[in-house]
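Read the structure below first, then the notes.
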Amino acid sequence: AKSNKVLDTIMSTSYMAMKTANEAKQNEEKRLMDRRKALIVLIMRHLCDHGYIESAEKLSTESQVSLSTVDVADNMDLLTILQEYEDYYEMRFQRKPKLIRRVAGDPRVPPGA
């Protein structure tokens, strides 16, 4: 009977550890999905604000996210986020971040550029 009680305790502890790990994984997945949705909303708002209405509509259709149901928070936009990231990166590493790069083989890029 004592060995059954020990076994039950081990199994219960193991179950709780698995349950906690699963909940943590689910929370992380939800946070990632929320972050992706927020990024889509920020991009759609940026496209609309800069006259790319058809592109924003296409993104809305493909992502099934609509600015009529969710929009960016007050005083928030993609350019502000980018500027704050650049400022942070420069403060931390004493240089500007490299956000884009030239693609090799692009006929518009002169050799050596």
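All values below were derived from every heavy atom in this structure, side-chain atoms included, with hydrogens, water molecules and symmetry-related copies excluded.
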Original post:
Rounded to the nearest 0.5 Å, how far does CG of Leu79 lie from CG of Leu42?
Top reply: 10.5 Å
For residues 50-61, dump all side-chain donor-acceptor pairs below 3.5 Å to protein atoms at least two apart in sequence or in another chain.
residue, atom, partner, partner atom, Å
His50, ND1, His46, O, 2.9
Ser60, OG, Val65, O, 2.6
Thr61, OG1, Glu57, O, 3.0

**OP:** Go through the structure and list residues passing side-chain hydrogen bond (donor to acceptor under 3.5 Å, both in side chains) with Gln83, not counting sequence neighbours.
**Re:** Asp87
Subject >> Distance in Å, Ile40 CD1 paired with Leu47 CG, rounded so as to fall on 0.5 Å steps >> reply: 11.5 Å
Original post:
Leu67, Met76: one ILVMFWY side-chain cluster at the under-4.5 Å cut-off?
Top reply: yes
Enumerate, atom names and distances included, each donor-acceptor pair closer than 3.5 Å involving a side-chain atom of residues 18-29, sequence neighbours excluded.
residue, atom, partner, partner atom, Å
Thr20, OG1, Met16, O, 2.9
Asn27, ND2, Glu23, O, 3.3
Glu28, OE1, Arg31, NH2, 2.6

Original post:
Nearest 0.5 Å, what's the CD-CZ distance between Glu90 and Arg95?
Top reply: 10.5 Å
**OP:** Verify the neighbour count for atom CZ of Phe93: are there more than 12 heavy atoms of other residues, nucleotides or ligands below 6.0 Å?
**Re:** yes
Subject >> Considering all heavy atoms, the nearest Gln94-Met91 contact >> reply: NE2-O, 2.9 Å
Original post:
Under a 4.5 Å cut-off applied to non-hydrogen side-chain atoms, are Arg45 and Leu78 in contact?
Top reply: no
**OP:** Report yes if some heavy atom in the side chain of Met44 is under 4.5 Å from a heavy atom in the side chain of Val72; otherwise report no.
**Re:** no
**OP:** Rounded to the nearest 0.5 Å, what's the gap from CG on Asn75 to OG1 on Thr80? Could you check?
**Re:** 8.5 Å
